[in-house]
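Written below as structure tokens is the structure these notes are about.
On a predicted model such as this, the values are computed, not experimentally measured, just so you know. Quick note on labels: first sequence line is chain A, next is B, and so on, each numbered from 1.
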Protein chains: 2
Amino acid sequence: MARQPRRPIDLKESCVQAAREVIAEQGVEGLSMRDVARRLGISHQAPYRHFESRDHLLAEIMRRCFADFAGHLDARLPGTDDRTDLAAMGDAYLDYAIAKPLEYRLMFGTPWPEPAQHAGLVSDAVHAFDILRNNLRRRHGKAAGMQARADLDALFIWSALHGMASISQSQAMDSLQLAPGVATAFRGYLMQKVGIALEVPVDPRPADCRPAPGSAGTGISRASARKPLPPRSISGSRAR
Amino acid sequence: MARQPRRPIDLKESCVQAAREVIAEQGVEGLSMRDVARRLGISHQAPYRHFESRDHLLAEIMRRCFADFAGHLDARLPGTDDRTDLAAMGDAYLDYAIAKPLEYRLMFGTPWPEPAQHAGLVSDAVHAFDILRNNLRRRHGKAAGMQARADLDALFIWSALHGMASISQSQAMDSLQLAPGVATAFRGYLMQKVGIALEVPVDPRPADCRPAPGSAGTGISRASARKPLPPRSISGSRAR
DNA sequence: CATCATTGTTGACACTGTCAACATAAGGAG
DNA sequence: CTCCTTATGTTGACAGTGTCAACAATGATG
């Protein structure tokens with residue numbers, strides 16, 4: 001028979017809480033199992049009764065971050081239509097990235113532990129993405145190929161937002177000697193550009209010709225790789 | 001008087017080489033001073049004669065990666081005009097990210113060591129950015145405010161490319177159940193969207209009104225943060 | 001030659017994740 | 001009730017890490 005946990009205070013839960021505190025204070029790299037144990041006043045091995053390894057603890061925390069994040073996206077001020085709603089979603093995304101940089105970095109800037117394992121992690125992360133995708137699917141309708149279009153738009157939006165979020169968080173911006181006002185205008189400018197790009201339809205086919213509709217010729221197009229880089233390619237993975 | 005280094009084989013150089021191998025094989029996290037020493041058959045403290053700390057070694061490697069990267073961008077097939085050149089640059093950027101994922105992650109996905117220190121790192125990184133920025137400055141001319149416009153465009157392009165590169169490298173794509181063909185079309189689609197966004201001029205002012213020129217209303221716009229997130233904000237830094 | 005800075009080695013220290021063995025206690029079976 | 005199983009927590013080890021301190025060799029310079 002499965003025995004019920006009768007502990008009043010849930011040590012597993014406490015570990016997660018303590019670990020989140022550490023991460024919020026010092027970032028992922030600062031997280032140590034022993035530190036968690038120390039903060040809770042328990043032996044250094046106690047957390048291992050609840051988490052197989054540091055990676056498993058980390059995965060659980062990442063899962064919760066994704067859940068938080070998805071909740072934050074869901075809690076945006078509802079737009080009056082799909083368009084303003086999309087804008088609100090973009091704002092909510094960037095607000096979160098700014099307000100919780102270390103959590104953001106944990107979700108999107110840290111190599112994931114075990115891909116196949118930690119199924120909960122994956123499904124929670126996908127759920128966050130689906131909030132964005134669902135909006136675009138409503139927008140594009142169900143005609144043939146429109147699922148793909150919605151996915152492509154979702155990936156494009158995500159790229160721009162994530163790119164901006166992670167660039168803003170790196171110290172890079174400080175060193176670039178940007179023209180005055182650029183740093184503060186960046187966010188609004190990017191949102192406008194993305195909005196424009198979404199308005200103008202685009203052929204998701206191989207691309208290569210297709211001038212931009214209403215404009216001379218897009219400028220950036222030709223897809224696919226050429227010139228496969230000199231010799232020494234890179235293999236490797238995040239093993240060990 | 002400054003003594004000349006008379007060593008035939010430069011141990012400092014060997015350390016860098018060995019460390020780059022480790023990183024290319026196992027990623028940044030796998031880099032260990034002692035491992036470097038072991039590979040070179042020297043004592044575990046020898047590398048410290050040439051690098052103050054692991055972070056200093058890492059900074060040197062990052063610096064070289066940026067130099068490589070900038071060289072790779074410079075070595076793109078020259079475009080016939082600024083537009084096709086910009087496209088070639090985008091392609092070169094993504095080619096590099098794909099060919100050397102671990103180096104790419106090292107440059108753009110790893111918290112930098114000491115910001116102020118390691119001046120060489122910063123200047124080499126800025127140089128890579130300047131390749132992009134210079135193209136856009138030529139494009140925009142020198143009229144008042146156009147410097148800022150060029151910087152904004154550069155940041156926008158960088159965001160999209162970096163966003164795509166880092167999303168593609170995460171295992172996320174595999175889990176999203178994307179519609180068929182989306183994964184392969186992603187790159188070309190994003191390049192087209194970026195091209196379109198660059199064609200259509202945009203007001204870099206605060207944004208908030210300004211409908212997209214030639215279209216009903218951009219959809220994504222309103223900049224700036226609202227709703228500052230519940231309570232628990234995050235402080236912390238990458239200390240120690 | 002004597003001096004001295006450069007470079008490399010050896011040995012420690014505190015810290016990490018994790019394995020193994022042990023202690024304790026609580027519930028069910030007899 | 002006792003006995004046993006199972007969950008939980010503790011103690012002690014081991015190999016690995018970055019880094020400090022003390023020492024040794026070596027070669028150019030006074």
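Between the NE2 atom of A:His50 and the P atom of C:dT18 there is a distance of 16 Å, rounded to whole Å. Atom-to-atom, CG of A:Leu40 to P of D:dT10 comes out at 10 Å; the value is rounded to the nearest Å. As a whole-Å value, the separation of B:Leu58 CG from D:dG18 P is 11 Å. For A:Phe51 and D:dT8, the CZ to C1' distance is 14 Å, given to the nearest whole Å. Atom CD of B:Glu29 is separated from atom C1' of D:dT17 by 15 Å (rounded to the nearest Å). Atoms CG (B:Leu57) and P (D:dG18) sit 10 Å apart, rounded to a whole Å. In this structure, A:Lys12 atom NZ and D:dA7 atom P are separated by 14 Å, rounded to whole Å. Rounded to an integer number of Å, the gap from B:Arg49 CZ to C:dA5 P is 14 Å.
In this view, A:Ser170 satisfies the side chain to side chain donor-acceptor pair (under 3.5 Å) rule with no residue, not counting sequence neighbours.
Residue pairs that meet the side chain to side chain donor-acceptor pair (under 3.5 Å) test with at least one member in residues 62-71 of chain A, sequence neighbours left out, are A:Glu13-A:Arg64, A:Arg20-A:Asp68, A:Glu60-A:Arg63, A:Glu60-A:Arg64, A:Arg63-A:Asp124.
Here the side chain of B:Thr110 pairs no donor or acceptor atom with the backbone of B:Met107 at under 3.5 angstrom. At least one donor-acceptor pair closer than 3.5 Å links the side chain of B:Gln169 to the backbone N or O of B:Ala97.
One side chain, B:Gln147 or B:Arg137, offers a donor N or O that lies under 3.5 Å from an acceptor on the other.
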What nitrogen or oxygen pairs link the protein and nucleotides 13-17 of chain C at under 3.5 Å?
from   : atom 1 : to      : atom 2 : distance (Å)
C:dT16 : OP1    : A:Ser32 : OG     : 3.3
C:dT16 : OP2    : A:Arg38 : NH2    : 2.5
C:dG17 : OP1    : A:Met33 : N      : 2.8
C:dG17 : OP2    : A:Met33 : N      : 3.2
C:dG17 : OP2    : A:Arg34 : N      : 3.2
C:dG17 : N7     : A:Arg34 : NH1    : 2.5
C:dG17 : O6     : A:Arg34 : NH1    : 2.9

Before giving the answer on salt bridge (charged side-chain N to carboxylate O under 4.0 Å, His left out), spell out for B:Arg76 and B:Asp85 the whole-Å C-alpha distance, their side-chain angles and the decisive distance to 0.1 Å.
-> CA-CA 8 Å; B:Arg76 67 191 177 274; B:Asp85 191 52; 2.8 Å; yes
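A:His44 has no side-chain polar atom (N or O) that falls below the 4.0 Å cut-off from OP1 or OP2 of D:dG12.
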